[in-house]
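The structure appears right after this line, and notes come after that.
In the text below, chain A, chain B and the rest are named by the order of the sequence lines, each starting its count at 1. Values below: every heavy atom of this structure, side chains too, minus hydrogens, waters and symmetry copies.
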Amino acid sequence: MAREQLQTLTEPMYYILLALTEECCGVDIMERVKQLSRGRVTVGPGTLYAMLAKFEEKGIIRPTVFTTRRKSYIITDEGKKELEKEYARLKALTADGAFYFENL
Amino acid sequence: MAKHRKTVLKPFTYLQCDDFADYLSAMAAKGWHFKEWGIGLVFEKGEPEQAVYAVEVFFKGSQYAMAPDVETLDFADFCEAAGWKLIDSRQKFCIFKQTRSDAVPILTPQERLENACKAYHKQLLGQLLIALLWVVNLSLKLFPTKQFINSVFSNAILLSCAIFAFYALYDFGKYIWFWFWKYSSKKRCESGHRDLLRNHADRIWNRISICALCLITIAYAFTVELWLFGIFLGIIVSMFLLALLLSKLRPDKETNVGIQLLFTFLILFAVVIFSFSQFSKYDIEDEPQTVPLTLSDLGRDAGEITSMHTYEKTSMFGSMRDYYLYYKDASLIYEIVDTEHDWLLDLIWKEHVQAESNINGSMTDCTALWNAEAAAYNGRDYFVRYEDRILIFRFLKSELTSEQVAMILDALNMGG
């Protein structure tokens, strides 16, 4: 999905995938995203629901547990690759920025 | 005794989610709390409350869903964890009530706008398809000249054409308006506005549609035959009753689609059966005195009429009457068109006489025989034109004599 749109992940997408590096129940992901971003990023339930559906469709995450209506998810190998690419891109961005700002 | 429950009929569209939420909050402030969807919005009486509602368009919802399904309830779990409790859902609408003051918005403004526009656009496309069918239907009734001539003398067909044209324009107009609204809403979203799902135009579109339906009903009542009006009214009432039934039963989307398909089939079947029964109601004993001309008026003794069909159409443009009289060994088929519009007489004359010339070769002029503005004979049929009338006689076995013509004109009160 990232490739089809902007070749990058948005902040909410990035943190959701980060949260799903460990198995997590759908409704708990919102809290995990908040923790991982130290409160900086919040994901609405509707946004999260739609993203999980798209990630699952693209094979970036997969469901693990089905109990009545509650699903758990975990990132797939394909998803890990996407996450690593994004992490590398962000590192390159900050490195370039650090060079500029430290030499001001 | 104070009312504890009430139902309000107040329609909202997918582009009015924020108006919808405000309405629910306003009702809650007066002590009326939204409980569920029934025939309309069902409210229960309670204490006045400063409640915050969110009305969202669920992207996985179905236009045919009358109650929350498994996916909606799944979505509701996510929202409840974030401080939004699902009260009820219908079609793609989901109504949430805030349970925590720190609840994060369910969707971003961009996502809300996108979901609402997609859902609204899909509905419009369906209506637009019907509008295109109206246009095709209208074209078939008006553009081939022969069809135009048949249509122009029927108030029912003219009214139907006007209605087709109106609804085609209405649906196209609404579609164009939607694109302008979407464009301006996107711009507002980009500049940071949040409550984008508001518009007054949808209320105006709804009122136009309701007024049009009322006017159409009145026009049909005064224009068409009673049985046709009965069919029209029957369809409207049936659709209303179906909507009530579906609102009460709240079936899942598959059952809903099945019920609607069955209903459509039953209505079509009933209309066809009833229409046939009306068209075949010709009583030989009652009809002869209404027929302007029989073979005896031509001085021919052909005995009793064995069967007869008459078709009469009247509109603001005039009238067209067709008569098919069958005897044991003969028949008399003729048409009388009365109109004050020269352009229409020209069109009919050209259509009939030119068509006959093209098929059967040149026609014999017999204007003097009929003392008419124009008259032609092709060896079988007579076409006669007067100032505001056209007569057509078909399948005559022999030429008419001047005495027979005089008898015809006398029978039609056109003598002298």
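Note that CZ of F172(B) and CG of L132(B) are 4.5 Å apart. Values are rounded to the nearest 0.5 Å. Atom CG of N256(B) sits about 11.5 Å away from atom CZ of R250(B), to the nearest 0.5 Å.
The residues E190(B) and K186(B) are annotated as not salt-bridged, no charged nitrogen and carboxylate oxygen being separated by less than 4.0 angstrom. Salt bridge absent: K97(B) and E80(B) never bring a charged side-chain N and a carboxylate O closer than 4.0 Å. A salt bridge between D18(B) and R112(B) is present, with a side-chain N of the basic residue lying under 4.0 Å from a carboxylate O of the acidic one.
Aromatic ring centroids of F93(B) and Y14(B) lie under 6.0 Å apart.
Proximity to chain B is absent for every atom of I29(A), based on heavy atoms less than 4.5 angstrom apart. Within the 4.5 angstrom heavy-atom criterion, atoms from both the backbone and the side chain of A50(A) approach chain B. Only the side chain of F59(B) comes within contact range of chain A, with heavy atoms under 4.5 Å apart. For E56(B), no part lies under 4.5 angstrom from a heavy atom of chain A.
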Give the C-alpha distance, both sets of side-chain angles, the deciding distance and a yes or no for side-chain hydrogen bond (donor to acceptor under 3.5 Å, both in side chains) between D252(B) and T255(B).
CA-CA 5 Å; D252(B) 58 50; T255(B) 309; 2.8 Å; yes
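Within residues 40-48 of chain A, the residues having any heavy atom closer than 4.5 Å to a heavy atom of chain B are T42(A), V43(A), G44(A), P45(A), G46(A), T47(A), L48(A), listed by residue number.
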List, one per line, each side-chain donor-acceptor pair under 3.5 Å for residues 94-104 of chain A, sequence neighbours excluded.
from    : atom 1 : to     : atom 2 : distance (Å)
T94(A)  : OG1    : L90(A) : O      : 3.1
T94(A)  : OG1    : K91(A) : O      : 2.9
N103(A) : ND2    : F99(A) : O      : 2.5

